[in-house]
Protein chains: 2
Amino acid sequence: MKTYLEHARVFKALGDPKRAMIVDMLSCGELCACRILERFNISQSTLSHHMKLLCECGLVKERYVGKWTYYSLDSETIKELKAFFHAITSEKEACISMVCDKGGRK
Amino acid sequence: MKTYLEHARVFKALGDPKRAMIVDMLSCGELCACRILERFNISQSTLSHHMKLLCECGLVKERYVGKWTYYSLDSETIKELKAFFHAITSEKEACISMVCDKGGRK
DNA sequence: ACCTCACATCTAAGTTTTTCGATATGATAC
DNA sequence: GTATCATATCGAAAAACTTAGATGTGAGGT
């Protein structure tokens, strides 16, 4: 079971529109950095940095073939994030009702 | 249909572990700021700032009752974010296969 | 009216993120 | 080996984020 911090890191990675778009692109299948770079108005070093972030949070996997680095989505992390998001946003039964000013003020 | 930017904003809001925890707390039902503040080691102004972010991205709704501000999750935004996340992470059929070095180098 | 409570806003410091250009690395081509 | 290509890393500047203390605001209590 991952911590809030670990899951939040994935959310943070998706919090950049360009990275969200990269994830979208990768959902079509594995891509090398060069193909991703073609679609964006960013420098190569910036893309490399974004890819590093996406990999470090577990959302993306990398694979080295010759000169190229191929990136693809990590379905396990995606599944976990979906589960986490569902867990923190769906109504829970076991919760204590926490009414403000409970107990009154004397 | 919302833009990448708008959805990314929600992800960014969830990218802070404390805000993710606040969302988790709110999934148990509406809470006033005072009750949320009790659970965290942060100043009142900091919490107020986080709540503003959560409201601005649409994830949380606010309601004013007397001295108190009550916060609750906005299920519509949650639904939309789930749909967006699913859309950008599930395999698509209509994608063009983009193989690196396509066309060769002569 | 005056005080207090709950919360928002302002200001400012410290930290992190984003981005690029320059440089490094490692693989393939010649 | 040398050149080139794809990508990573370094270094630095600018922008954005996080946080707390001080102050403002508006509702209620006395």
Side-chain angles (χ1 to χ4, degrees), chain A residues 4-5 8-22 25-26 30-57 59-72 98-106, chain B residues 4-5 8-22 25-26 30-57 59-72 98-106:
Chain A
Y4 275 92
L5 192 67
R9 206 175 176 192
V10 189
F11 280 128
K12 189 184 278 183
L14 289 165
D16 181 289
K18 277 163 193 161
R19 287 195 295 263
M21 273 192 226
I22 291 170
M25 285 181 70
L26 292 178
E30 198 180 47
L31 287 175
C32 68
C34 53
R35 285 282 173 265
I36 301 170
L37 189 57
E38 286 173 354
R39 309 277 166 131
F40 291 96
N41 252 351
I42 56 173
S43 71
Q44 178 267 321
S45 62
T46 299
L47 177 66
S48 192
H49 172 247
H50 283 312
M51 298 316 297
K52 193 179 178 187
L53 276 184
L54 286 168
C55 289
E56 280 175 353
C57 76
L59 206 49
V60 167
K61 289 180 290 190
E62 56 196 346
R63 185 169 72 92
Y64 307 104
V65 179
K67 295 188 286 189
W68 298 282
T69 306
Y70 285 88
Y71 297 100
S72 58
M98 289 180 279
V99 180
C100 287
D101 209 31
K102 199 176 182 178
R105 67 188 56 205
K106 208 316 232 37
Chain B
Y4 276 92
L5 192 67
R9 204 174 178 193
V10 188
F11 280 129
K12 188 182 278 183
L14 288 166
D16 181 288
K18 276 164 193 162
R19 286 194 295 261
M21 273 192 225
I22 291 169
M25 284 181 70
L26 292 178
E30 197 180 49
L31 287 174
C32 67
C34 53
R35 284 283 174 266
I36 301 170
L37 190 57
E38 285 173 354
R39 308 277 166 130
F40 292 95
N41 252 350
I42 57 175
S43 71
Q44 179 267 318
S45 63
T46 299
L47 176 65
S48 192
H49 173 248
H50 283 313
M51 297 318 296
K52 193 180 178 185
L53 277 184
L54 286 168
C55 289
E56 280 175 352
C57 77
L59 206 50
V60 168
K61 290 179 292 191
E62 55 195 347
R63 185 169 72 93
Y64 308 104
V65 179
K67 294 189 286 188
W68 298 283
T69 306
Y70 284 89
Y71 297 101
S72 58
M98 291 178 278
V99 179
C100 287
D101 210 29
K102 199 177 184 178
R105 70 190 56 207
K106 198 337 221 29

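Naming convention: chains lettered A, B, ... in sequence-line order (proteins, then strands); numbering from 1 in each chain.
- Contacts of A:Tyr71 with the nucleic acid, taken as non-hydrogen atoms under 4.0 Å apart, involve only primed sugar atoms and P, OP1 or OP2.
- Among the protein residues, A:Leu37 comes within range of no part of the nucleic acid, since none of its heavy atoms lies under 4.0 Å from any strand.
- Both A:Tyr64 and A:Lys12 sit near DNA chain D, but only A:Tyr64 has its closest nucleotide nearer the 5' end.
- Two residues are said to be in side-chain contact when any heavy atoms from C-beta on lie closer than 4.5 Å; A:Leu53 and A:Lys12 fail this criterion.
- Whole-Å rounding puts the B:His49 NE2 to D:dA20 C1' distance at 12 Å.
- Here A:Tyr4 contributes atom OH and B:Asp16 contributes atom CG; the two are 12.5 Å apart, rounded to the nearest 0.5 Å.
- Among the nucleotides D:dT7, C:dC20, D:dA8, the one closest to the side chain of A:Thr46 is C:dC20.
- Separating the CG atom of B:Asp16 from the P atom of D:dC17 is a distance of 12 Å, rounded to the nearest angstrom.
- Residue B:Ile36 is out of contact with every strand shown, counting any heavy-atom pair closer than 4.0 Å.
- Put simply, the side chain of B:Ser48 does not reach to within 4.5 Å of the side chain of B:Lys52, judged on heavy atoms.
- At a threshold of 4.0 angstrom between heavy atoms, the contacts of A:His50 are confined to the sugar-phosphate backbone, with no base atom among them.
- Each of B:Ser45 and A:Lys18 has a nearest nucleotide on DNA chain C; the 5'-most of these lies closest to B:Ser45.
- If you check every strand for non-hydrogen atoms under 4.0 Å, B:Ile42 touches sugar and phosphate atoms only.
- Pairing of B:Cys32 with B:Cys34 by a disulfide is supported, the SG atoms lying closer than 2.5 Å.
- Phosphate proximity of D:dT18 to B:Arg19: present, with a side-chain N or O under 4.0 Å from OP1 or OP2.
- Under the 4.5 Å side-chain criterion, counting only non-hydrogen atoms from C-beta, B:Leu31 is not in contact with B:Ile22.
- Between B:Phe40 atom CZ and D:dA20 atom P the separation is 12 Å, expressed in whole Å.
- OP1 or OP2 of D:dT4 has not a single side-chain nitrogen or oxygen of A:Lys67 nearer than 4.0 Å.
- In this structure, B:Leu47 places its CG atom 18 Å from P of D:dC17, rounding to the nearest Å.
- Contact of B:Gln44 with C:dA8 (side chain to base): a donor-acceptor pair of N or O atoms is detected under 3.5 Å.
- Each of B:Glu62, B:Arg63, B:Lys61, B:Arg35 was scored for a side-chain contact (heavy atoms from CB on, under 4.5 Å) with B:Tyr70, with one residue passing: B:Arg63.
- Distances shorter than 4.0 Å separate none of the side-chain N or O atoms of B:Lys52 from OP1 or OP2 on C:dC7.
- Computed from coordinates, the B:Leu53 CG to D:dA16 P distance equals 14 Å when rounded to whole Å.
- Taking atom CD of residue B:Glu38 and atom C1' of nucleotide C:dC7, one finds them 15 Å apart after rounding to whole Å.
- Across C:dC20, D:dC17, D:dT7, the shortest atom-to-atom separation from the side chain of A:Cys34 is found for D:dT7.
- Atom-to-atom, CE of B:Met51 to P of D:dT18 comes out at 14 Å; the value is rounded to the nearest Å.
- If you take CG of B:Leu54 and P of C:dA8, they are 12 Å apart, rounded to a whole angstrom.
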